[in-house]
Amino acid sequence: MSFLDLNHLEKSFGPTKVVQDFDMKVEKGEFISFLGPSGCGKTTVLRMVAGFETPTSGSVRIGGQDVTRLRPNQRQIGMVFQSYALFPNLTVADNVGFGLKVAGTPRAERAARVQEMLDLIGLPDLGSRYPWQLSGGQQQRVALARALAPRPRVLLLDEPLSALDAKIRVSLRNQIREIQRQLGITTIFVTHDQEEALSISDRVVVMHRGVADQIGAPHEVYNSPATPFVASFVGTLNRLTAEVLDPARGLVRIAGAEVDLQRPVAAGSIQLGTRPEGLQLSQSGIPATVTGVEFLGAVQRIRAEVEGQPIVIDRFNAPGAQIPQAGDLVRVAGAATSWLPLEDEKR
Amino acid sequence: MKRFWSWAAIIFGGLYFLLPLIGTIEFSLRMRRGEYTLDAYRSVLNDAAFRQTFSYSVIMALATIVLGVLIVVPTAYWVRLRLPRLRPVIEFITLLPLVIPAIVVVFGYIRLYNTSSILPLTGTASGTNLLLLFGYATLALPYMYRAVDTGLSTLDVRSLTEAAQSLGAGWVRIIGRLILPNVLGAVMSGAFLSFAIVIGEFTMAALLNRPAFGPYMQLLGANRAYEPAALAVIAFAVTWGCMGIMQLISRLFGVRRTAK
């Protein structure tokens, strides 16, 4: 039986349905990311788990116990906020020990646990400082220690890295994942940054307009997106219009060049998507005009146009390889599996 | 030329504020003909009625502050947390004491709580004290609410509350241990303004016939010559003392308030 059970959660604010039929089972120790644009309902689901919002219908179970009607302070859940939300009148040690104090833990035991937590986040000597004396990254680590100190059953992270600068963001996300693995704590991480979600999660939930479009491992979500929204939101996606020549065999024509998809498609005119790394420059294939090249070190990013539709082609840097110039005419091709037929955006 | 006018403005303002003060001080020292003495001050400070009324008002002021904090801090907190749309309404309500004269309020009290009403508060001294306390708390409301609300605006009230809740804390602990300490500087400045108002309040105390400092000042002013001037200077010094303490405390707590 799963540890955290989100059972057909729905939430409406007045006539607006913010979350629709959100159903998911999370195993103990799993690291789950909720990924989606702002307003997609990911934070609302998180807040329903935390108890700050009551579901309109559905239930939340933790370790088999129905907590749907429990107040937030009865749920034993650790939460980390985007704004850190450290208590400004308390020292770092008192912040970390706050939950233990509320629970009535004896002083000596509390002090030991606080020190253990400060060691865990790598700030063993900052216990007597006040939050405003710390950098943003340090404050967020203290917030993490504070959330973990009372040994919560579930850890919820609400865009914890969004207020930090890029370099700290990457190192802190790895540290969060490291600590999470070490403690084996079931974790939900809310983010709008797909790179963050893909890099540290066991499973990713891609949300769009209140619905979980896809739940899957990072590579599944990236390689086999379940909906056009997932395809375009996770990673970069090239979109090209194709004219279908043979629906049964999957033969289409893009900008005059024939492409064999090797699977049946709808008749007429369809949209195809590809990842930048799924396309190569080749001798034959779809004609494109290079509009610019970005040299990113390991990767060359070639921007081009196919009949006015912009595309991006990523390829590894190779010493001696010829770099195309803007204005060059090239031909691009991709393997049959790299093409994803996209339905028109209906929702 | 610009400098000249700014100096002129400062000098004019200075004279406007200082001359009456200097005049009062000078007059208060002239109880004996031909020499300066502190006789008037001695006379005031030796007056048992002065000590009684002053301590009565100090106690009332402290009680007002406590009552004000108990009413205003949870209210302002709750409005910010859960009813942000009601903020203009609450703000307007707290401003009413500035628009409705104290005499109207106190007449309302007397009508509502007289001895033939269902809640005859004016029937006993302690009941009347309670009524006066409520009146004072009302008068202090605009200053108290504004100060506390400004203090709360420097906090991320919602996140702090949710963080505390997720750590298991209940409302009493959240307000008492987290919200109040973080707005203490603001509460203090509101408290000292309330203190100054209560010490000098006349209308309510006089009409409810309580032995407060305001009516005493009035009584002395009607019957003596030099003592009222001395009393004015003493009251002035006390008020300034309060302001000084207020400054000091807000500076002490201001250091911590730089935290986000």
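Every chain is numbered from 1, with letters handed out A, B, ... down the list of sequences. From a predicted model like this one, the values you see are computed outputs, not experimental measurements.
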If you count every heavy atom of other residues, nucleotides or ligands that lies below 6.0 Å from B:Arg51 atom CZ, does the total exceed 12?
yes
Quick check: does any side chain N or O of A:Asn89 sit under 3.5 Å from a backbone N or O of B:Asn182, one acting as donor and the other as acceptor?
no
Non-hydrogen atoms of A:Pro88 and B:Leu155 that approach each other most closely
CG-CD2, 4.0 Å
State the CZ-CZ distance between A:Phe87 and B:Arg177, to the nearest 0.5 angstrom.
12.5 Å
Measure the spacing between OG of B:Ser166 and CZ of A:Arg146 and express it to the nearest 0.5 Å.
7.0 Å
Could you walk me through whether A:Phe81 and B:Asp156 satisfy the side-chain contact (heavy atoms from CB on, under 4.5 Å) test, starting with their C-alpha distance in whole Å, then the side-chain angles of each, then the deciding distance to 0.1 Å, before giving a yes or no?
CA-CA 11 Å; A:Phe81 299 82; B:Asp156 183 352; over 6 Å; no
How many angstroms lie between atom CG of A:Asn73 and atom OG1 of B:Thr161, to the nearest 0.5 angstrom?
12.0 Å
Measure across A:Ala147 and B:Leu167 and return the closest heavy-atom pair with its distance rounded to 0.1 Å.
CA-CD2, 4.4 Å
Is atom CZ of A:Arg169 surrounded by more than 12 heavy atoms (other residues, nucleotides or ligands) closer than 6.0 Å?
yes
Could you give the distance from CD (B:Glu162) to CZ (A:Arg47), rounded to the nearest 0.5 Å?
4.0 Å
Using a 6.0 Å cut-off, check whether atom CZ of B:Arg158 has over 12 heavy atoms from anything other than its own residue.
no
Within 6.0 Å of NZ in A:Lys101, more than 12 heavy atoms from elsewhere
no
Side chain, backbone, both or neither: which part of A:Leu90 has a heavy atom under 4.5 Å from chain B?
side chain
B:Arg173 side, atom CZ; A:Phe98 side, atom CZ - distance, nearest 0.5 Å:
6.0 Å
For A:Ala85 and B:Ala163, which heavy atoms make the closest approach, and how far apart are they?
O-CB, 3.9 Å
